[in-house]
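Accompanying notes for the structure given below.
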Amino acid sequence: MNAIDLPTVLLVDDEVRSQEAMRRTLEEDFRILTAGDAEQARALLEQYPVAVILCDQRMPGQTGVAFLKEVRERWPDTVRIVISGYTDSEDIITGINEAGIYQYILKPWVPDHLLDTVRQAAESRSLQGALHRMEIDLRAGTGVLRQRATEQLARAKDTFDFGRIECSPGSPVEEVCRMAAKVARYDLSVLVHGESGTGKELLARAIHYASGRAAGPFVVENCAAIPDTLIESELYGHKRGAFTGAYDDHIGLFQRADKGTIFLDEIGETSPAFQVKLLRVLQEGEVRPVGAPKPVAVDVRVIAATHRDLEADVRSGRFREDLYYRLANVTVTMPPLRKRGGDVALIAQRLLDEVARSLGRGALRFTADALAVLQAYPWPGNIRELNNEVTRAVALSDPLAAPDGAGLIDAHAFSRKVLQGAGSDVSQTRPEGGLHLDIPQSGTLQERLDRIEAAVLRETMLRLRWNKTHAARELGLSRVGLRAKLQRFGLEPK
């Protein structure tokens, strides 16, 4: 996607360092505009079609909420987000109701959370536009709209089915997908365990679209991001006039997910207050919006995810036992990437195809050396880290030409960290954090030693980017001796 095609995000903050920090986090996915105050922001809004605006609450002259209230009136399609270091619940409620705030982010913000929030906000704006177009289509006839809805649902099922979760024969994910596909047919709550970046949300979407609820909404919520002061309003919603500043009705998460699925990410990070209120919804199957005279029935399937050991948290009293058993009708675990060695090449190639398309590059694939490096690294950040590494390689490399016209990404395109195999979890897969060697199980002693020596040479040369001076010094060889060994084992780069 060209920069001009990216959604435009306007950052409004009187502190230049804050602007730059947000720019660095968002600039790969969005076109960024910056303003130091409301007046500059107003001028930019009049000039550019802004998809999302992030505004600091405490600014000289005019508060963020006051300015965003004006934005809501003049540019209602722009999604509005407030960033603040203050947790005044009155400010938060006023922002949500008067300015129609999409999200209230507290400082210090986490880059991944900020990026995810802005991505969801931009998607929300896009979906609002699509909904508006559908309303126009409705006037053309219900039959046309029904046909388009059916086609969109079919595309969604194809996009998010279990086939999207790459796994090779014998992979531990194969059994996870088989089990999840069986569970998908029944209205049971599912608890998904797994480290960050293992694909828990991808599995949850596959379960939803394989279920009888596929035509219903799939609502995602990061539980750790909901302040306790907003729990009731977020989960249940509220009615206009329910409290000071409640100028409009607000639909809660469970009503938005009615007849569909709600995915509660990071459920293990929730507070006791959140757990109590969530348990009440699950037990009663209904919600009472704040200020409403009677409860509203909701029909929602819950899929929760966590990287924590919830059973241990239950034993320690950190997580409610009754809520745990409500959520964990069925428990599945997404294994980390370091335990999916056979899947790395498949996942990497799919990511490479997606990144190449998004960056406007032609067909690309990895060389054998590149795949060997990817498979040797333990990936402590799992698929999310692998995606970042693939994106970096595509952006910074000049691919070699293959006979079939495709571009080849070589191991030299990877970061030094990946080439060296360094990472917080290396010791779990490599002895003393060093090179992992598979000892040959056949052949004479000399043949086995030769294979080990060739592996050491190959790893060293890849890691040092074929710098023979550095490699010779590290291995205790002369340059002539190193060259002779490379030639002997056929390791000289062509």
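Closest non-hydrogen pair, Ala41 versus Phe67, comes out as CB-CZ, 3.6 Å. Across all non-hydrogen atoms, the minimal contact from Val176 to Thr333 is CG2-O, 3.2 Å. Taking every heavy atom of both residues into account, Glu28 and Leu6 meet most closely at O-CD1, 4.4 Å. When all heavy atoms of Leu264 and Cys223 are compared, the pair lying nearest together is CB-SG, 3.6 Å. The heavy-atom pair separating Pro335 from Thr198 by the smallest distance is O-CG2, 3.8 Å. Residues Ala348 and Leu374 come closest through the heavy atom pair CB-CD1, 3.8 Å.
In this model, no donor atom of one side chain and acceptor atom of the other lie less than 3.5 Å apart for Glu286 and Tyr236.
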Would you please test Asp29 and Arg119 for salt bridge (charged side-chain N to carboxylate O under 4.0 Å, His left out) and show each step? CA-CA 8 Å; Asp29 290 47; Arg119 282 174 175 165; 2.8 Å; yes

Under the salt bridge (charged side-chain N to carboxylate O under 4.0 Å, His left out) criterion, do Glu311 and Arg318 qualify, and how do the steps go? CA-CA 10 Å; Glu311 289 188 347; Arg318 188 183 177 282; over 6 Å; no

Quick one: do Thr261 and His208 satisfy side-chain hydrogen bond (donor to acceptor under 3.5 Å, both in side chains)? Show the steps, please. CA-CA 6 Å; Thr261 303; His208 169 72; 2.8 Å; yes

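Atom CD of Gln275 is separated from atom CZ of Arg280 by 15.0 Å, given to the nearest 0.5 angstrom. Atom OG1 in Thr8 sits 8.5 Å away from atom CD1 in Ile32 (nearest 0.5 Å). With rounding to the nearest 0.5 angstrom, the CD atom of Gln103 is 9.0 Å from the CG atom of Asn222. Put simply, CG on Leu188 and CD1 on Ile207 are 10.5 Å apart, with the number rounded to the nearest 0.5 Å. For the atom pair CG of Asp13 and CZ of Arg23, the computed distance is 12.5 Å after rounding to the nearest 0.5 Å. From Glu284, atom CD reaches atom CG of Leu279 across 9.0 Å, with rounding to the nearest 0.5 Å.
Legend: residues meeting side chain to side chain contact (heavy atoms under 4.5 Å, CB included) with Ser171, ordered by chain and number and at least two apart, are Cys167, Ser168, Val173, Arg340, Asp343. Among residues two or more places apart in sequence or in another chain, the side chain to side chain contact (heavy atoms under 4.5 Å, CB included) test is passed with Pro217 by Val219. In this structure, the salt bridge (Lys or Arg N to Asp or Glu O under 4.0 Å) partners of Asp322, at least two apart in sequence or on a different chain, are Arg320.
Under the 30°/60° scheme for interplanar angles, the aromatic rings of Phe319 and Tyr324 are found to stand perpendicular.
For Gln349 (side chain) and Leu364 (main-chain N/O), a donor-acceptor pair under 3.5 Å exists by modelled atom type. Formation of a donor-acceptor pair under 3.5 Å by the Arg80 side chain with backbone atoms of Val65 is not found in this model. Judged by distance alone, the side chain of Glu389 and the main-chain N or O of Ser415 form a donor-acceptor pair under 3.5 Å. Looking only at distances, a side-chain donor or acceptor of Gln40 sits under 3.5 Å from a matching main-chain atom of Gly36. Under a 3.5 Å cut-off, the side chain of Lys200 and the backbone N or O of Glu195 do form a donor-acceptor pair. Remark: the backbone N or O of Gly260 is paired with a side-chain donor or acceptor of Arg213 at under 3.5 angstrom. In this structure a side-chain-to-backbone donor-acceptor pair under 3.5 Å is missing from Thr63 to Met59.
Checked against Ser196 for a side-chain hydrogen bond (donor to acceptor under 3.5 Å, both in side chains), the options Arg384, Glu266, His307, Glu385 give a single hit: Arg384.
When side chains are defined from C-beta on, Val300 does not count as touching Gln255, because their heavy atoms never get closer than 4.5 Å. Considering only heavy atoms from C-beta on, Tyr377 stays 4.5 Å or farther from Leu386 through its side chain. For the pair Val9 and Leu33, the minimum side-chain heavy-atom distance is 4.5 Å or more.
Taking a 6.0 Å sphere around CZ of Arg17, one finds it holds 12 or fewer heavy atoms contributed by other residues, nucleotides or ligands.
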